[in-house]
Every structure is written in structure tokens, then in C-alpha cells.
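Notes for the one structure printed next.
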Amino acid sequence: MDRRTLVLLFLLLVSSSSLGSSSSSTPDIRVLSAERRIDLTSSIVRVFLTLKVENTGASQASDVLLAFPPTEAEHLAMVKASTTEGKRKKKIYVPLSVNPTELPDTPNGAHLFSISLRNPLKTGEAAVLEVLYIVTHCLEPFPVEISQSETQFVYYHDSATLLSPYHVMEQITYIKTPNNKVESYTRVDPTNRAGTELRYGLYHDLPPYSYSPIIVHFENNNPFAVVEELVREVEISHWGNLQVRDHYKLKHAGARHKGIFSRVEYQSRPSISGVSSFKHLLARLPPRVHSVYYRDEIGNISSSHLRIGSQKSELEIEPRYPLFGGWKATFVIGYGLPLQDFLFESPDGKHYLNFSFGCPLLETVVDELTIKVVLPEGSKNPSSVVPFPVNQQLETTYAYLDVVGRTTVVLKKRNLVPEHNIPFQVYYDFSPIFMLAEPLMLVSAVFLFFIACIVYLHIDLSIRKS
Amino acid sequence: MGAKAENAVRPPSLAPSSSFPFPSLRTLKLKTKQQELLIRVSTLALIYVLAFAVRLFSVLRYESMIHEFDPYFNYRTTLFLTKNGFYEFWNWFDAESWYPLGRIIGGTLFPGLMVTAALIYRVFRFLTFAVHIREVCVLTAPFFASNTTLVAYFFGKEIWDAGAGLAAAALIAICPGYISRSVAGSYDNEGVAIFALLLTFYFFVKAVNTGSLAWGLASAFGYFYMVSAWGGYVFIINLVPLYVLVLLITGRYSMRLYVAYNCMYILGMLLAMQIRFVGFQHVQSGEHMAAMGVFFLMQVFYFVDWVKYTLNDPKLFHSFLRITLTCSISVGALALGVGTATGYISPWTGRFYSLLDPTYAKDHIPIIASVSEHQPTAWSSFIAVAVSATIKNLTTLIRTKSKASQTVSSKGTSSLKASAKASLDQALPFQRNAAIALLAGAFYLLSRYAIHCTWVTSEAYSSPSIVLAARGAHGGRVIFDDYREAYFWLRQNTPPDAKVMSWWDYGYQITAMGNRTVIVDNNTWNNTHIATVGRAMSSYEDEAYEIMQSLDVDYVLVVFGGVTGYSSDDINKFLWMVRIGGGVFPVIKEPDYLVNGEYRVDKGAAPKMLNCLMYKLCYYRFGELTTEYGKPTGYDRARGVEIGNKDIKLEYLEEAFTTSNWIVRIYKVKPPKNRW
């Protein structure tokens, strides 16, 4: 509990400090050059932004702000920033912390994120920042409904210029589409299109918060696989097994399927029929995975292939039917893992689980993820360390032969992308003596049963002696 | 008698108290009696395990799943029971089946099975075993089969001796007829009902042997459990009176019999009437009249006995007897006649008639005839029972224990025992060698029988029939999981209130796995409703559309085996749809679908056949598909012909989903066209 308040306090502190410092430094920074590369080749939009900023003010600048329009901020899954250090060959990327922040005078509800620099920029100094931000659910299918033989076209809305609270000296945007079938795109000269690449810019001397909306309408037949809800249960048994159960609610979030589904078309002309549908997905599981199952409410799903490697295992799953736009499938993937690969002991004697956050399915968006780490019965003081903000709470679950129940750490997060698959830790105290509780219970139950039998056989309950 | 009863209920597992508590190493050598006990107990334990294990083929070969059709209904209701509690279950009106009529579930089912499974589930949960209700349901039948072997042992012990009990337990553990109804996943009423049946008989025989009210009570509760579990309780309520009647006729009437039967009948009847599905049928329907008749007969017997004792004069007694008998028989006949005429006592149902006369259903009720379960049993299976019963007696012969068998003469497989025994008693003077030879032969036959049972279980009875398995071209196993593919598609991708029309065979599965409303299902309580669906399937598309509109149908589901060669599909069942439809709606005439009395789907088929809804839905766009190398397109592998109508156009329906092997095809009913 106190931990959470601490985190909150910390957040508050950070935001207030950034608020204070940035409000004074906002006008003093200008962007010398900005290059944006927008990758539209999958259902997840990834934007790589290279900013060269310069401090023109009198005071030092420790934060740089990024601005997002409200529609984009809503679907923003992740913002990462890094700076480069060293020259050419010895170039290394140093990650920087990014936090949402607010300013009193942002126009049109733009959302701001502040990047905290490692070394404050002195007057006249310039720095290069590499920013990656990932947006989900922003490719809007149009037409909204397609038939089996049609391909899927989507809209992408953005601005030709970079939305920024600073003055931008020069800026260019590259948009990469999955193929060269681009139905239409907004022209904001200079605009250029070559193959799968669309170029907006160079633009010069843009005032703060300049925005010129563009729409790109292009073909995108990538699987729009969205897990609407994913519940992962990770159960630790100190007898040597880590049991994982993932409950998926999968949906094809692309253009809705309209009219008939013809199996004969689908089977005989796979290249033109149902191109935007998908029939299998790849899940990346840890190595040394065992007893994998793949089932749903009505039983086993008999179509899956498992490849176990030394680095990773791959499970190719096939839902019961191909998923067309708007179709859904729910299923459960479960597997066991050797505990020693994931459970470690920290120097202060605590146990900790080191497990990967996020969804094992490749290139899949997760709308809502719940991870339940079920600690063994008798464990105390659970705490978790997750590299990004999540909702945390504690629960108690009951499984085989539990008396007091198992403490469960529940972590919740919305809007996840594959980039969230990074390790997190759950720390807890556990005394190995509790491992013996359940076997002892069983032994004593059997013992009592035999005692009862013996007592019964030696008591004469008859009223009349025969 | 009393001492004997004590022996039977006591678990025969521990040595006499003299050697208790801790025998030293010197006394470890067991006495003969202890050895016998040990052998008996371990054999019984082995049989118990065997009965369970032999039923697990389907779980090992496929998965832990519910099989076939009716078990899916039972599973769905059990799920409801565990989620909502007994009270909700008992008052459950199910709007998801028999649309738009619905079905009162609580009043139209035997709840014994569901309550049993739910109780087992509760016990497991109470012991904090985190099992899923499905696992409980799948393993209920094998578990009860194991328990049945115990009952069979005690039953055999009661009527003969422990050896016979063991033989009975072993035989019932592997009896194919029983296995076919109780493999893991076959979550059906019979699974627990056979146990209840045997238990009732055992308790009743015990009650007759001891005259104890407690055993009579136990048999009444056994009977109640049986009634709550299965409609086959009628078998008990007719067999027990028959048994009593035989005892009466053979002059074995005794006070013990009087106590046992009266207790069992009265209490059993009162308890049975608590089951809503039975209710007053128990005192009204013709099937239960035998029990009541015997009950009154018993009172007459007792009364006559009393009069005889009071009068103490044979001549007077004889005239009295004549008068009373005439009176009582005429009164009974009159009551029965009046009751039947006024409809107070319902006549016997068609299923009962068809039991007596196997051809009855075929001529009169197509819906009963269309179910393979209701087909008369082949005579060969009776012979198998006879053979096994004879073998059982041969093994007991060696013991040469002649004990008056006063009890059993009409129980199940033992019915043949009496006759077999009569002939064997004369065989006693034979030499010991001959007996050994016989025993060896019997052992050989028995082992062959055991092998046969295992084989038949693994090959014939362990297929869930939801998942079909076949050998692929390269020898690998190919799984056809089309049923679940379609049901899961329905479950996930149709509106929650969608109504699905299909032939009634798939009703339970659609509601349980697809979670959608169906028009008709396997309950078959309303023949007219089924006939309406049959009529829609056998009409032209526009006529069918009107019927479907009147029933609010959104989707039509058909099962089609033409691509895979799966023969129990809707085209092969189609004639039953025509017959059942035609039985209610004379517009549908069977000869319209036949050519010279022959049922065909190729070019020579009747025009009505080629254009009826079922044909169109099954073969829609099938004409474009090549199913087998070297055959023309549209070659139906289930029937081995090229179809007659390859250019099928649908006007009022559209294909919504077809499974990967085309076994299940689902069509969406289009909304009505605009008039302007």
C-alpha cells in the first residue's frame, strides 16, 4: 500500500517539477531539424522521430516536450526516447525517461510528454533525440465493410507537419505503406510519392503547434489481430514448476466481413479470396516449455504446431476458423516452465519472479491485459517492479488443498504492443517449510481415515449380543 | 440371517481381532481364511480399477470431452445447476430450445445425473480440488461403473457366494453393453442409472432375505435414485412385482416378502412422485399398474392368510376364498377398465409397445423409428449374454456348493442362471478331471471374452462422434473437428439471440456448444414442431422461406458428408425428415422424392429431390469442387455418385459459414425483400 502512495508521490513530484521547469523553458528551445518516419506496414503504427533541439534561452533546459493531438494520444501505446552518445562507431543509445505532463496553455487539448535529458542543455547547445512512439487502433478501415473477395483499405490520419510546442526550423516526414497501392493521399506541397514511400516536406520555419491534417488511404491486408482482453495467470510452485495460462479474446479489428463466406472460394483461390483474413498466429514462448495446450470452452483445438528451440519456442496456433473482419475467437493457451529459469533469490533473501510482460502473440495489440501472479501459499510481502506504470492490486486465489489461499499480485494495463514484452519482477518472502504443508495434510487425512476404520471395526454398536 | 447381513456390509478388509493390533513378524504368515480374504479384496480392488480404466480409451485417444448428443444436454443442465443452484434449476424455463415454445427443463428431465455430478463437484470444491465441472461430468460414468462392480459383487454374494460375486463384478466391469453406455465422456442417464438399478435390486433381495425394514427402506431410496436418474425405472417397477408374483405363485410367500415389498413400493412410490417428470404417472399410467396390482394382491394374500388362521376350517375357507377372489378380480378389472376408458389411467406409450413388438414403431411412429437407439436389439447380443451367464455358472460348479437358491429367478443376466444350474446339478458326478477341463475351457472362453470386450470398447465405443478421426494418405491420423468449428463459429460470430434451424439431432449440441437458440432438439417432445422443420427442409426454397420466416429462423445448419465421405449426414437422414414431415403435413409425400422406390441424388433423382431446400443447402457450390482424383467435379464421396444438380442458386438464403471439410454448412436467412 505505502509503496503505491510513494509511486504516486514520485509521479506528482516529477510532473510538478517538469511543469515548473518547462513552463519557463518552453519558448527558449527550438527544433533545428525534425525527421519523422511513419511505418504503416502493419496494423500497429510506429513512428521514428529524430529531433535536433537547441537551447536558445538564457537558462538551462532539462526537459524537451513532445506534443500529440488528442485523437492520437488516446491510442498512444508507448513513447520511448533515447539520445546518442559517442561518435560514429562507438555510438550508443542512452534511454531517457518520458513522462506525460501538462501545460496551462496547450491549444486544442494537445497532450504533452516531457523527455528528461541526462545533461541539461546549456545556452546555445544542441542535442539529438531519437523518439519512437507507437500508436494502435489508428488505421481506420474504409470501406468499413468488405466482402470476401475484396482487399482491405484503411485511412491514416496525421499531420504533414510535426506537432510541436517549439518553433521548428525544418522538418520532413516519410510514410511507408505496405505496398504501392495507395488509393489517395492529401497533398501538402512539397509532397512526393515513390513506390511504397510517401514524402511530406521539407518544410521550413514552422511556428509552434502548426498542424496541417493529411489523410492517406491505402491498402493494408496485414492481420488486424487485436486481443480485446488477455488474462495471464502465472502460478508459481516451489516444487519446480511455473504454470502459465493465457486466456485470449481475439478479434479481427479490420474492415468487417460482409455477406457470404464461401468455403469453395476460400479454398480454391487463396490469393484473391479473403486476403485480409488470417488463419494462424505465431506465439513466442520461452525455451524449455512443456505440456503446452491450446483449447477453448468446448474443448481442444486440434490445429497447432510447436517448435521448441534452445533460444525460444514457437507455437503456431490456428483458431478453429479463419478470422474475417469482425469475427472473434476465444481460447486458452497453457504451458509449464521450469521454475529455475524464472525464479531467483535476491541478495536480501527475497524470492523474485522474473517474467515477461505483454502478450506472446507476435504483432498483436492487446487492449486490456491482466497478469495474475499466483504466489505459493504462505508467501508474504509481495511487491512488483514493472518498467512502466500499471494498475496493481492484491487478491487471494484458492487452488488444490489451499487453506488460507494464495496471495495473487494482479497487474493491469491497457493498450499494449509487442514492445511491452519486457521483463518485470515480483518480489516476495517465502519460507520453504510451507511446501510441506500440503503433503502433510494428505498424509494426516489418510492416517485419520485408517484410524477411523480401525475404531469402527472395534466398536460393537449392536444393541443385542448375537 | 442377521449375522450374515452384518458380514456383508462390513468392509471385509481386516483380520479377526485376535491377531490385532500389531502382528509380529512370526505371525505374518496368513491363515487360509485371511489369505482368501486378501485375494478377494485385492481382486475386487483390481476389478474396481479395471472397470474405471477400461472406460478411459476415449480420453486417452481424443481428449476429456463430452460425447455425442444427449450428453451435451446433460452437460449444459449440469453447468446451469452448478452456476445457479438447485432451486433455479428446478424452475428453469429454457427459452433457448424449441423456439418459440420453449421447454420447462425442471419438469421434463430426470435430474439424478445432474444432481449427482453437481454434488461430486461440490465435494471436490469443498476439499479444495480445483477441478472443472466438465472433468467431473466426463468421469461420472466410469466412476459409477466402478461402483456398480461393487454392488454386483455384494449382489452376487447375497444370492450365491463371494466367488459368484467376484465373477459377477468382473463380468459387469467389462460387459460391452454396459461399457457402450458408460465410457468416459458418455455423460448420460444410463451411466448412473445402471448402478441405481443394481443397487435397488440388491437392497430388495437383501430386504426379502432378512425381512428387515431398514433394507426395505434402502431399496425404496435406491428406487428413488433410479427414478430420478432414468426413465428405465419402469423396468424395476415391473420386474420387482414380477419377482414377487413368481414367489407368490411358487408358494414362497412370507412375512419378510410382505414387509420388503410394501415398504419398497409405498415409500418408493411416494418418493418417485416427487420427481416432476414422473409425478402422478406413477399411479396413473399403464406401465405402473403391475406394481400396484401386485401390491393389492399382497394385501389380499395377507388378508386371506389371516382369515384362514381365524376361521381354522378348510371348507369354510375355500368358499370364502372363491367369493373374495372373484370379487377382487372383477373389481380390479372394472377399475382398470373404467380408468382406461375415462383416460384416468393413460394407455401404454409407443416406446413401450415397440419394446414388446419391435416392428410397431416402424409402422406407426417414424420419429421413434428414426432413432437408432430405439431399434430392436439383434438376437446375437442375447446369445452373448446367455453364453457369458453359462460360463459364470460353470466356474461356480467347481465349488460344488449346492445351496437352495430361493431368491433369484428373474434378475437380469441371472435369468438364465436358474435353467443353467438345473442342468448342471446333474453333472455333479463327473470326475474331477472333467471339471478341470471344463474350467480350462471356461478360462479360455472367458479370456477370449475379455479380449473381445476390450477390443470392442477401444474400437467401437470410444469415439466421441463430435471429433472424427480417419487415417490419412500417409498413415497419419487426420482429425475432422468440423462440428466444433461450426458450433464455435456460431457461438462467437452470430447475434446472441439468433435462432438456428437444423434437424433435431444437432439441437442439443447447438445449444450446448454454440450457445444459440434452436427450433427443435433431441428432446423430441413435440412431433408437430419437428414435422414443421422436416417440411421446411423438404420443401422448395420459397415455401421453406415462408416457414422459416414464421419461425423467426436466422440461420440454417446442415450436416454434409459429401467431401469427406462421412455417411451419417443430413442427406442420408433426409428420408426421415420427409416421413416425419409428411406424417403431419400431407403436402409432403415420400414418393415425390424417390424414383421407382429408390433414393438417389444423382442425375436420375426425382425433380423434387433435386430442388428441395435440404438438397440445395447441402450441395450449394459443391458442383465446382473436385473431391477425388479422377472423378468429375461434384462427386459425392459419401454416396459415391456425381450429384444431379450442380448449378444451385439460392434466393432467400446465403452461405454464412462452411467448415474446413464441409461437414457443417451454415446459411443465413436473408431479411424479406422490400415490396417497392
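A quick note: this is a predicted structure, and the numbers were derived from the prediction, not measured. Below, chains carry the letters A, B, ... as their sequence lines are ordered, and counting in each starts from 1.
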(request) Go through B:Arg637 and B:Glu628 one step at a time and tell me if the salt bridge (charged side-chain N to carboxylate O under 4.0 Å, His left out) criterion holds. (result) CA-CA 8 Å; B:Arg637 293 176 72 189; B:Glu628 214 167 301; 3.0 Å; yes
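- Below 30°, between 30° and 60°, or above 60°: for B:Trp662 and B:Phe622 the angle between ring planes is above 60°, a perpendicular geometry.
- For a residue to count as touching a neighbouring chain, one of its non-hydrogen atoms must lie under 4.5 Å from one of that chain's; by this rule B:Arg125 does not touch chain A.
- Most heavy-atom pairs under 4.5 Å with chain B, from the set A:Ile301, A:Thr330, A:Ile298: that is A:Ile298.
- Here the side chain of A:Arg232 pairs no donor or acceptor atom with the backbone of A:Val244 at under 3.5 angstrom.
- Contacts of A:Asp402 with chain B are made by backbone atoms alone, with heavy-atom separations under 4.5 Å and no side-chain atom involved.
- Across B:Glu63, B:Arg665, B:Met65, B:His132, the residue that shares the most heavy-atom pairs under 4.5 angstrom with chain A is B:Glu63.
- Note on B:Glu654, B:Arg621, B:Glu624: by heavy-atom pairs under 4.5 Å with chain A, the leading option is B:Arg621.
- The residue among B:Tyr75, B:Phe129, B:Phe124, B:Tyr620 with the most heavy atom pairs within less than 4.5 Å of chain A is B:Phe129.
- Remark: the backbone N or O of B:Ile66 is paired with a side-chain donor or acceptor of B:Tyr72 at under 3.5 angstrom.
- Screening A:Thr407, A:Ile236, A:Thr408 for a side-chain contact (heavy atoms from CB on, under 4.5 Å) with A:Val373, the sole residue that qualifies is A:Ile236.
- In terms of modelled atom types and a separation under 3.5 Å, the side chain of A:Glu314 and the main chain of A:Leu282 share no donor-acceptor contact.
- Options B:Asp481, B:Leu127, B:Asn493, B:Thr658 differ in how many heavy-atom pairs under 4.5 Å they form with chain A, and the most are formed by B:Asn493.
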